[in-house]
S.K.: 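Before anything else, here's the structure in question.
Since the model is a prediction, treat every value here as computed from it, not as a measurement. When reading the values below, keep in mind they use all heavy atoms of this one structure, side chains included, and skip hydrogens, waters and symmetry mates.
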Amino acid sequence: MSRYHFPGFPAYLDAAAAEIERPEAAGPARRDPILAAMSNLCAQAAEADPRHVAGILAKAQEMSDQLRVAHRASELMLADLRAGRAVSDEISLPRRTRSASPPSDTRGASRKHG
C-alpha cells in the first residue's frame with residue numbers, strides 16, 4: 001500500500017489561481033499565515049498515527065471553514081460596494097472569481113454561485 005504524501009500548499013494555490021483565472025493571485029496568497037497553518041495540519045495528518053488523524057483533520061476543517069467565511073465576507077463587501085456605487089461586476093472584475101470551487105469539498109455541500 002503506498003503512503004500518501006502531502007505536497008504542501010503551493011501546488012494547490014497554483015491550481016486554485018488557475019481555476020479562477022487569476023494566476024497573479026497565487027504569489028501573495030503564499031504568505032497567508034492561515035493557509036500555511038492549514039498546510040501544516042494537512043502535512044501532520046499525512047504522517048500521523050491513524051488514531052490522531054481525525055482530530056487533526058477536524059482542526060484543519062475548522063480553518064477551512066474560517067477561510068470560506070472570510071472569502072464569502074469579502075464577496076459580500078465587494079457586492080455591497082458595487083451595488084452602492086452602481087458598478088457592475090464586469091467593469092470592476094474583468095474575470096469572474098466566484099465560478100471556481102475549492103479543490104475538494106469533503107462535505108459535498110452544494111454552493112450557490114452567482
S.K.: Just by modelled atom types, is the A26 backbone N or O under 3.5 Å from a matching donor or acceptor in the R30 side chain?
M.R.: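 Present.
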S.K.: Check step by step if side chain to side chain donor-acceptor pair (under 3.5 Å) holds for D65 and Q61.
M.R.: CA-CA 6 Å; D65 291 343; Q61 184 62 57; 3.0 Å; yes
S.K.: Do P7 and Y12 come within less than 4.5 Å of each other through their side chains, counting heavy atoms only?
M.R.: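 When only atoms from C-beta onward are counted, Y12 and P7 do touch, with a gap below 4.5 Å.
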S.K.: Identify the heavy atoms of A37 and M63 that sit nearest to each other, and give their distance.
M.R.: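 That would be CB-CE, 3.5 Å.
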S.K.: Is Q44 close to H52 at the side-chain level, that is, under 4.5 Å between some pair of heavy atoms?
M.R.: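 No. Closest side-chain heavy atoms not under 4.5 Å.
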S.K.: L13, I34: one ILVMFWY side-chain cluster at the under-4.5 Å cut-off?
M.R.: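 They do share one cluster, since a chain of ILVMFWY contacts under 4.5 Å joins L13 to I34.
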S.K.: Write down the atom of L57, the atom of A45, and the distance for their closest heavy-atom approach.
M.R.: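 Taking L57 first and A45 second, the nearest heavy atoms are CD2-CB, 3.9 Å.
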S.K.: What I want to find out is whether E75 reaches R72 closely enough, with some N-O distance under 4.0 Å, to be called a salt bridge.
M.R.: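 A salt bridge is present here (some side-chain N lies under 4.0 Å from a carboxylate O).
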S.K.: In this structure, would M38 and I56 fall into the same cluster of hydrophobic residues linked by side-chain contacts under 4.5 Å?
M.R.: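 Yes, one cluster joins them.
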S.K.: Between R85 and D80, does at least one N-O distance fall below 4.0 Å, as a salt bridge requires?
M.R.: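 Result for this pair is no, no salt bridge flagged.
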S.K.: How long is the span from the CG atom in L35 to the CG atom in N40, to the nearest 0.5 Å?
M.R.: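 Separation between the atoms: 10.0 Å.
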S.K.: With clusters defined by side-chain heavy atoms of hydrophobic residues (ILVMFWY) lying less than 4.5 Å apart, directly or transitively, does L67 cluster with F9?
M.R.: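 As far as the 4.5 Å side-chain criterion goes, L67 and F9 are connected within one cluster.
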